[in-house]
Structures are given as C-alpha cells and as structure tokens.
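First the structure, in the form of structure tokens, and then the observations on it.
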Number of protein chains: 2
Amino acid sequence: MQQLKFERIPRATISRLAVYVQELEVMEQQGIKVISSEKLAQLCGVNPSQIRKDLAYFGEFGVRGVGYYVHELREAIRQSLGLDRTWNVVLVGVGNLGRALLRHNLLRKRGFVIVAAFDCDPFKIGEEIAGLEVNCTSKLPKSTRDMNVEIGVITTPPERAQRAANYLMEGGIKGIVNFAPSRITTPENISVEYVDFIHHMFSVAFNITQNQSKGLL
Amino acid sequence: MQQLKFERIPRATISRLAVYVQELEVMEQQGIKVISSEKLAQLCGVNPSQIRKDLAYFGEFGVRGVGYYVHELREAIRQSLGLDRTWNVVLVGVGNLGRALLRHNLLRKRGFVIVAAFDCDPFKIGEEIAGLEVNCTSKLPKSTRDMNVEIGVITTPPERAQRAANYLMEGGIKGIVNFAPSRITTPENISVEYVDFIHHMFSVAFNITQNQSKGLL
DNA sequence: TAATGTGAAGTTGTTCACAGCG
DNA sequence: CGCTGTGAACAACTTCACATTA
C-alpha cells in the first residue's frame, strides 16, 4: 500500500515505533478509538512532532483536525515493521536466560515462534522445555534450513556466542538477536541486535552516581 | 581523580563504554597489555576517534605513540561509570525472566547484588530461588530502606510495572531497570532504563524485511 | 614516529512553526 | 477550528584531520 518512500529510516525511529505499537495496543484494549500525536507522545515519553515524523517515513496515517484511529494506526505500524506475519526463530544456548525465553509467551504473542532450541551440553540435549526438545548444536544448520527459520537468538555464554552465530549463518539465518555479552562479527547482510541488560544496569549506576555528584554542587 | 569536565555525556557514550569494558576484560584475560584505539575500535565495531572522544569526556588515559594500557584503561572506565563498588538491587516480579535474573551470576560478577526478591502472588511468596526467599511486595518499601538498596529491577507483567515502580520509589530507590514491556512514569530524579528484547526482535524483523525488498530492486 | 587528544566539519536526528486539510 | 504533515532551524552526535607529545 504505502512504504513508497526510500529514505533511510533511523534505528531510533524503529525502536520508538515498537513503543507506539505497545501503547496503542493498551489503548485499543481500553476501548479508545482515536488519539492525537500529543496524547500518544505523552504516554510514550516523546515529543509529538517526533511521532508525526516517525510515521511520515511510512505514509500518512492520520486525519487532520482529528488525530489517528487507534486500531488503524497500530495495524499500519505493524505492517510497516513487518510484524503482520509470524517469524520462525531458533534459540541457541539453553541456560537460565534461554529457558526463560522459551517459556516466555510474549514472543509468540508478537508473532515470533521459537521452533527449535539447541545447546552443546550433553546433559541438556534431549531435555524438554516448553514443549520443545533441546537438540545438539551440530544439527542446527540443517534444522534451520529445513524449517525455514529466519531469526536466531543467542543465549550462550559470551565465549560461545561467535560459534553460535557461525552455526546460525551456516543455517541460512538472516537476523540474529544476541543476548550474550560479547560482540559477534557477521557479514553486512546479516542484521544483528544486541540485548545486553548489564549495559542498562551500568547506565543506571552511572546516572545515580552522577545525580548524586550533581546534588553536591 | 579526574571527572573534572562537566559537559553532558551522551547516553550513547555510556553504552559504548560498557562495550569497551567488556572487550578490555577479554583482552586482559588473554594477556594483552596494550591496545590502540584503532584495534579496540575494530573489536567493538566502532570508529577509532569515537573511542578517543568517548574517553576524553572522563580524562586522558592513553599514551601518545603507544596506545592504552589495557588494565589501566579498564579500571579508569569502571571508575568513571561508578562500577568500582557494589550496588544493592531488588527484583520485583518472580516470573520466568525474574527467575533467570536471580540465577544469573553475571550480575553479581559485575557488582550488582540482588539482595531481595518480591512478588504479589501468594503461591510464589516463601519460595526460595538462588538462596533468596520471595517476599510479599507490600514489604518492599521497608526492606529496601533497611537494606540500603539503590536500584530496582522490574520483571512483572506490563500491567503491574507501574505499581512495582511506585513501591520501589516509596522504598527510596534511585534507579530502575524495567524489563516489562510498558512505559512507567517517574519523577525526574529517578533514572529509568528500559530493557525490551521484543523491540530488538522487531528491529531484526524489520531489517530482514527491508533487506529483502532492497534485494528486489 | 606512532598513536593520542581535540577543534572543526560533517552527518544524523530532533524540535519548531506553520501551511494545509478534514 | 484543530491536528496532521513537513520544510526549515536547531541540537546532538560522529568522523575527519592534524597538531601534539611520549
């Protein structure tokens, strides 16, 4: 339909769009039909024109003098982000975090279906978690190809993240979400996202430290 | 010692510093003594001058014509970020993710000690996880004050995140790391970080979609 | 001499302000 | 009339280029 423009879209815009979707969903559940950029901005903690700019990358979804129809806007963003479909996902590294993700139902609710889990620890192989049997990592490349998986999630210890990434790429994966606290190297055409909550702990620690030293002035 | 400058430090700088620390640690373990901004940049996937600029916010840590002493630099960054101490942390919401964090040893290794866990589900209260008894959330404010806790981690379902935040603030917490996929509102002086892996899944999905449509041109 | 530290240039992202439209 | 959509102004961040120094 839209998606006609071809400027490069800022990363920041994408992650804000994700926030908008989330808040729009809540509104929809509350029965709110129309929302202005002003009000949505307030809820998301951003500037109203920011929202309008972000949306403008993908099309014109609003009605002047009125605002945005909540349901319509949500669908438009979902479509723009490529979320109007399901994505097959595999997970590598069945530790604490891996298990939590396997059991997490929000992923599935958002269209990300974990179709296989892998680990190289013989003690974990064969174990069943959330209806999924843990397989040996060596089987990963073939499985992902057979199951037409496009996204890989890495939840291994840091030192094994690169190896996991290599297996995933061998399996023809197109994007990786890396929860391990270490950088991985991949060719340009593989999209990599890092989820490192320790960094956020660091940020908070830093901000607290700074707020306190500011208080002393 | 340093920390003399008082320009505002970009958020982005902070999160990159966290990456540098991580990579420096790996190097130290490998016995590497000296590193240039060039090489470190390569490992971290950033521009060399970016590193030098980032470090310049905090002081001069390098030796011209030589580079940076790995151990020294790591310590300098840790100190600058306020990581040369331990931080008491409480966790609210003992679901899959909460459990995973409680059992995660990387947090403690980095100086973040979870000293208490809370949940409002009577079935969970009393349960012991990673040597910590789950307490009723109503006890949170008093406990955090008594234990001198500065950071709260929220791992509740989204609809309960705000309530958790309120309890934490009542308990005198100064910073919050919110893993729940919903915005929370707090006064200015509370530092809030959002960890939302779903957003990263969205980003990857979007990038894959875009790469593919690029391929069609 | 090699690599840092840094002003200046360049790039990217954000906010403003208002024209345009339902 | 009110709120969107958007060019223009602004702010923030990144990279360049080179003077500086161990």
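Proteins come first, then strands; the chains are lettered A, B, ... in the order of their sequence lines, and each starts at number 1.
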Full working for salt bridge (Lys or Arg N to Asp or Glu O under 4.0 Å) between A:Glu23 and A:Arg74: CA-CA 9 Å; A:Glu23 292 301 325; A:Arg74 176 165 167 256; over 6 Å; no
CD1 of B:Ile9 versus P of D:dA11: gap in Å, rounded? 20 Å
Identify whether the distance between the nearest side-chain nitrogen and carboxylate oxygen of B:Arg110 and B:Glu25 falls below 4.0 Å. yes
Pick the nucleotide of DNA chain C nearest each of A:Ala12 and B:Gly67; which residue has the one closer to the 5' end? B:Gly67
Charged N to carboxylate O below 4.0 Å: is that the case for B:Arg145 and B:Glu170? no
Contact check, residues 34-54 of chain B vs DNA chain C, heavy-atom distance under 4.0 Å, returns B:Ser36, B:Ser37, B:Arg52, B:Lys53
Residues B:Glu72 and B:Lys33 bridged, charged N to O under 4.0 Å: no
Presence of salt bridge, A:Asp84 and A:Arg78, under 4.0 angstrom: no
Are B:Tyr68 and C:dG5 close enough that a side-chain N or O sits under 4.0 Å from OP1 or OP2? yes
Those residues that, when tested against B:Arg163, pass salt bridge (Lys or Arg N to Asp or Glu O under 4.0 Å) (two or more places apart): none
Specify the separation, in whole Å, of atom OH of A:Tyr57 and atom P of D:dG5. 15 Å
May I ask you to check whether A:His104 and A:Phe112 place their ring centres under 6.0 Å from each other? no
Polar atoms only, N or O, under 3.5 Å: list the protein pairs with nucleotides 20-22 of chain C and their distances.
unit_1 : atom_1 : unit_2  : atom_2 : d
C:dG20 : N3     : A:Arg64 : NH1    : 3.2

Are B:Glu150 and B:Arg85 within salt-bridge range, i.e. N to O under 4.0 Å? yes
